[in-house]
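Worksheet for the structure shown next.
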2 protein chains.
Amino acid sequence: MAAQRDQGHNGDQPPATVADAPAREVTARDVPAARERARAIPEAAVARLAVYLRVLSAMGEDGVTTISSEELAAAAGVNSAKLRKDLSYIGSYGTRGVGYDVDVLISEIERILGLTRKHSVAVVGIGNLGHALANYGGFPSRGFPVAALFDVDSDLMGVPVGGIPVEHIEDIESICREREVTIGVIATPPSVAQDVCDRLVSGGVQCILNFAPVVLGVPDHVEVRKVDLAVEMQILSFHVARRADEAQAEVTVDGTRPGVGEAVVGR
Amino acid sequence: MAAQRDQGHNGDQPPATVADAPAREVTARDVPAARERARAIPEAAVARLAVYLRVLSAMGEDGVTTISSEELAAAAGVNSAKLRKDLSYIGSYGTRGVGYDVDVLISEIERILGLTRKHSVAVVGIGNLGHALANYGGFPSRGFPVAALFDVDSDLMGVPVGGIPVEHIEDIESICREREVTIGVIATPPSVAQDVCDRLVSGGVQCILNFAPVVLGVPDHVEVRKVDLAVEMQILSFHVARRADEAQAEVTVDGTRPGVGEAVVGR
DNA sequence: ACGACTTTGTGCCTGCGTTCACAAGCGGCT
DNA sequence: AGCCGCTTGTGAACGCAGGCACAAAGTCGT
């Protein structure tokens, strides 16, 4: 049991419950609890739901039909109480004494995540990363068909990448509108990221996944998620440094070896 | 006010103050050396420090020598109070009435993030994504030299990618040890990710950036950060769906009829 | 040299998210 | 059918992170 520890730390950006809007009074207790309505699902829980979905899909393919919160939690690398609470946000689909029906859970999570609709994706910036993204099988296989590719390089125009021809950045707006692209992926150099972002927004794109290391300005109705590889590395670097410090301190303080053993705490 | 809004929502994984380690007993280990050493910088703050560093570097190159918390906060897309608090975690390096010295701040953040030491990186899995990562200029330029590349495909052996020859996965352990790799990047298919991870750990790698959609099991002394593109997309998808729901609900809004159910919302 | 202005650093408060612990509920066994 | 044991669902407590607002501190102008 090699450590099913806490796993990756991603204390990224803001917390923000899904509920908040601009400055409305909200009063939170409307009552559309009728059937669906994803009310007040914590952002963090949404991220985990996506993970559960992946695990469940894999299990479903292995023929598993029922699973307990304990098992699923272990497979997803989280605490079982947290898992149950996460699932409770989307409704009660478990059977006490038994567990959850894998298929039911999959459908419900997909429904909540909005995966029942197709979300066409446009990738902008067909450099190394853009290339990888355009070819990334994980997108289409999970309901995110790549509908368009864009770049500025005229040598790339019309060249098919992953089966889709590259088009010019100038045409982002019209093409996105035409193909009903809802998600834009920015994999351009930072200098043009904002421009590209604006074009995507003009084209009706509602959500943006930004790989460029810049802070994008967008209207309130557009959602941006940022993935900054350098930042990820620096966070890791911080942890390495912290460990080194700790190890050193440990020696000075009580002479216990840091590395091995989980009985670290003794006492 | 076009919208320099809150920017991306990344309520990813756990919160966890940098202090915690096991998930064991709460008792002991609160007081020990850990506190003294790692000044308990919140994980979220670390992530932001990396962002500040990027902004500051850019400003420094533009000849800016001094900056106020307000300006820096705006450039980094955060609240100025939060920024000041983040900076206070690493010490007091500002001058009241003036602001912060850009160069000083850069050095201090670099020190805290452990960027004074070199962190050699190994990329495993030279597919589309691995290719992109190996060529990614953001790594070496920020103090993360790519020291080794690995894959299983024998056709790739020895082929230089981004100037570095690809080596076989079998040799991960020895090469990582030899070249003192501290950070491993996994860009392989999920099926082999755990195996690769184990090899990296055996090779002395302390931190892993995992792009494979699997939950890795690692010893306690290894740090893992996960970047799952499909999960990112699904989170965006959720927000699209939520927006659609809200828009629809807007019509019914403010009926203020508590009516049935009462819902579970408030407490 | 002194006062007014600017900006930092931080104590406090609020609120979200995580965890604990347990009652309710359901299936299986006798 | 009734009891027993297992697992869910959730109320409650806790802890961390974010935001406000202000006192401390230093600078600039006169």
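The chains referred to below are lettered A, B, ... by the order of the sequence lines, with proteins before strands, and numbering in each begins at 1.
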Quick check for you: among [options], whose closest atom lies nearest to any side-chain atom of [X]?
| X | options | result |
| --- | --- | --- |
| A/Pro42 | C/dT8, D/dT10, C/dG17 | C/dG17 |
| A/Asn79 | D/dT8, C/dC20, C/dT18 | C/dC20 |
| B/Arg48 | C/dC26, C/dG9, D/dG18 | D/dG18 |
| A/Ser88 | C/dG9, D/dG9, D/dG19 | D/dG9 |
| A/Thr95 | D/dT27, C/dG27, D/dT8 | C/dG27 |

[X] has an atom [atom1]; how far is it from atom [atom2] of [N], in whole Å?
| X | N | atom1 | atom2 | value |
| --- | --- | --- | --- | --- |
| A/Glu70 | D/dT8 | CD | P | 8 Å |
| A/Lys82 | C/dC20 | NZ | C1' | 14 Å |
| B/Leu49 | D/dA17 | CG | C1' | 14 Å |

Can you find a side chain N or O atom of [X] that sits less than 4.0 Å from OP1 or OP2 on [N]?
| X | N | value |
| --- | --- | --- |
| B/Ser69 | C/dT7 | no |
| B/Tyr100 | C/dG9 | yes |
| A/Ser68 | D/dT7 | no |

Could one point to a donor on the side chain of B/Lys85 or the base of D/dG19 with an acceptor on the other under 3.5 Å away?
yes
Report yes or no: is there a donor-acceptor pair, N or O only, under 3.5 Å between the side chain of A/Arg96 and the base of D/dT7?
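It does not, because no donor-acceptor pair links the side chain of A/Arg96 to the base of D/dT7 below 3.5 Å.
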If we ignore angles and hydrogens, is there a donor and acceptor under 3.5 Å between the side chains of B/His119 and A/Gln234?
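The answer is no; no qualifying pair exists.
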Atom pair CD (A/Glu110) and CG (A/Leu105), whose distance is rounded to the nearest 0.5 Å
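It is 10.5 Å, given to the nearest 0.5 Å.
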